[in-house]
Amino acid sequence: MRGFPKTVEFMFLNTPIGEELSLNGLEVDGDIPADIRGAFFRAVPDPAFPPLFDDDTALSGDGMISRLWFKEDGSVDFDIRYVQTARYKAETAAGKALFGRYRNPYTDDPSVKGVDRTVSNTTPIWHGGKLLMAKEDGRAYRVDPITLETIGSYDFGGKLKSETMTAHARIDPETGEMFFFGYEADGLASTKVAYCIADKAGSLVSEQWFDAPYCGLMHDFVITKNYAVFPVFPTTCDLERLKKGGVHWVHEQGLESWIGVMPRYGDAKDMHWIKGPKGVSAFHFMNCFEDENGRIHLDQHLTETNAFEFIRRASGINMAQSEIKGGLVRWSFDPDGNEITETPLGPPGDLCRIRDADQGRPYTIGWYLSMDPQMKGPPLLGGPVGVTFNALIAINPQTTEMEMLALPPAHAISEPAHIVSSMEDHPGWLLFIIDRQAGEHDFEHEAWIVNAGAISKGPVAKIKIPHRLRPQVHGWWAPQEQLDKAAAL
Ligand code: V55
Ligand code: FE
């Protein structure tokens with residue numbers, strides 16, 4: 001069999017593992033707070049077979065659902081399973097890769113023409129008692145939260161018309177509704193976007209389609225109490241290029257970004273589009289809210305060009321990861337306005353987390369991953385963009401006051417989950433995976449728990465995971481009482 005390409009997408013931390021396993025009673029150093037009872041689900045891309053093309057991206061790795069389960073008795077179990085997508089099943093049956101380039105079916109083996117290509121590798125979404133594994137190029141797959149068995153492609157009981165679903169759904173803390181969207185909703189390179197609402201129980205109650213200004217990368221979106229806000233960044237798709245076997249995305253540095261704003265229960269025909277700066281890109285939005293004057297503030301990890309090296313390479317943009325300028329910035333605009341005001345909030349980074357209760361509301365704390373400016377030695381290579389983060393930041397976005405947890409050399413951190421505390425006035429806990437390089441090709445992994453209001457003090461507990469782990473993309477915390485309630489249905 002062919003081997004995996006000798007690129008950062010498949011080496012170092014990103015070396016494919018491809019093993020399904022269960023480990024019970026993990027070793028704990030420190031005390032796990034009693035608040036932490038439930039499942040930390042993580043989406044882990046891990047290609048089961050060497051790709052058809054050597055320049056393949058880590059973003060095409062087969063999705064695995066991983067769970068760190070914090071049990072009632074204080075013990076912790078670890079499990080990881082492949083999502084049994086149609087693609088994974090077809091390739092496993094053939095014993096080799098059959099699907100070609102990232103989001104280009106014209107590069108596939110003819111034997112899989114028409115087969116669902118999504119790899120379900122981006123976000124585990126827990127809502128309405130169901131666990132979904134989402135990736136923006138297709139519909140989500142539903143997975144059993146207890147057995148981690150794949151139930152199948154999920155279309156909300158036949159109701160969803162969109163062929164795609166974002167990996168970034170937003171849940172309103174008061175109504176329990178899940179707001180989401182799908183872009184390229186009716187096919188490759190389409191400008192059609194589906195805007196959807198599922199009620200608290202998970203039933204799809206609204207799906208409205210609208211046209212984006214162009215087919216651009218729309219990785220995330222946000223809601224406020226009264227609005228839905230859609231970003232369009234100038235990383236664009238072209239059907240003719242796809243037909244010629246080319247790349248899905250090219251970043252156009254000279255093209256404007258856009259923000260689409262509509263009342264969140266309104267008519268998508270009334271979408272108001274506001275032109276933003278040229279050439280910029282953001283994958284993740286920390287939060288968005290309206291102030292007392294009705295002005296909207298959107299906090300996001302903005303970069304001057306696309307943050308993915310494989311997209312820049314395909315676009316003729318020759319910039320190293322470390323050269324790219326960006327930061328946590330606030331875009332402020334009126335819902336019916338035509339101008340965006342940009343305010344810097346914090347240093348560059350990504351993979352933000354807020355308290356669930358703050359979703360779409362004014363807020364005073366958020367967390368994200370960054371680079372410690374004092375760090376000695378190079379960062380670990382690997383993860384979805386090829387270079388990992390080595391610091392955790394807590395920021396008050398109103399004052400821009402910050403606290404940092406800087407990791408020792410040769411450590412990397414993945415996106416944290418936030419877990420609320422039952423203690424009065426307690427800021428809750430953050431839970432995240434730490435990778436450590438122990439030798440040239442030797443990596444060790446732990447889960448750390450920190451007090452969300454005192455991150456620089458370091459972990460109150462470390463949980464050893466005695467097996468190689470491939471880096472995750474996003475995670476999701478599901479409290480035990482919600483898992484129990486769903487199991488009882
Ligand atoms: C992202 C991740 C993806 C993808 C597109 O984080 C964008 C951004 C893990 O897959 O396909
Ligand atoms: Fe994402």
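Order of appearance sets the numbers: ligands from 1, and atoms from 1 within every ligand.
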Enquirer: Give the ring-plane orientation class for His284 versus His474, where under 30° counts as parallel, over 60° as perpendicular and anything between as tilted.
Expert: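 Judged by the thresholds at 30° and 60°, the geometry between His284 and His474 is perpendicular.
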Enquirer: Ring-plane angle category for Tyr195 and Phe221, please: parallel below 30°, perpendicular beyond 60°, tilted otherwise.
Expert: perpendicular
Enquirer: Parallel, tilted or perpendicular: which fits the ring planes of Tyr363 and Phe289, with parallel below 30° and perpendicular above 60°?
Expert: perpendicular
Enquirer: I'd like to check which ligand 1 atoms, numbered from 1 as shown, lie under 4.0 Å from a non-hydrogen atom of Glu136.
Expert: 5 (C), 7 (C)
Enquirer: Quick one: is the NZ or CZ of Arg117 closer than 6.0 Å to the six-membered ring centre of Phe99, and within 45° of its axis?
Expert: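 Checked: cation-pi criterion not met.
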Enquirer: In the protein, how many N/O/S atoms are under 2.8 Å from the Fe ion (ligand 2)?
Expert: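 If we list every protein N, O or S atom nearer than 2.8 Å to the Fe ion (ligand 2), we get 4.
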Enquirer: When you compare the side chains of Thr164 and Glu184, does any donor N or O come within less than 3.5 Å of an acceptor on the partner?
Expert: no
Enquirer: How far is atom 6 (O) of ligand 1 from its nearest protein heavy atom, and which residue and atom is that?
Expert: His219 NE2, 3.5 Å
Enquirer: Do any N/O atoms on Thr122 end up under 3.5 angstrom from N/O atoms on ligand 1?
Expert: yes
Enquirer: Can a salt bridge be assigned to the pair Asp186 and Lys192 using a cut-off of 4.0 Å between side-chain N and carboxylate O?
Expert: no
Enquirer: Which atoms of ligand 1 sit under 4.0 Å from any heavy atom of Val473?
Expert: 9 (C)
Enquirer: Does the plane of the ring in Phe310 sit parallel, tilted or perpendicular to the ring in Phe308? Use 30° and 60° as the thresholds.
Expert: perpendicular
Enquirer: Is the ring pair Phe432/Trp448 parallel, tilted or perpendicular, if the boundaries are 30 and 60 degrees?
Expert: tilted
Enquirer: Nearest to atom 2 (C) of ligand 1, what protein heavy atom do you find, and at what distance?
Expert: Leu59 CD2, 3.7 Å
Enquirer: Do the side-chain N and O atoms of His445 and His467 include a donor-acceptor pair separated by under 3.5 angstrom?
Expert: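 Result is no, nothing qualifies.
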Enquirer: Nearest to atom 5 (C) of ligand 1 by heavy atom, Tyr102, Phe308, Trp249, Phe283: which?
Expert: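 Nearest heavy atom to atom 5 (C) of ligand 1 lies in Tyr102.
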Enquirer: Checking a contact table here: which protein heavy atom is nearest atom 10 (O) of ligand 1, and how many Å away?
Expert: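 Closest protein heavy atom to atom 10 (O) of ligand 1: Lys135 NZ, 2.8 Å.
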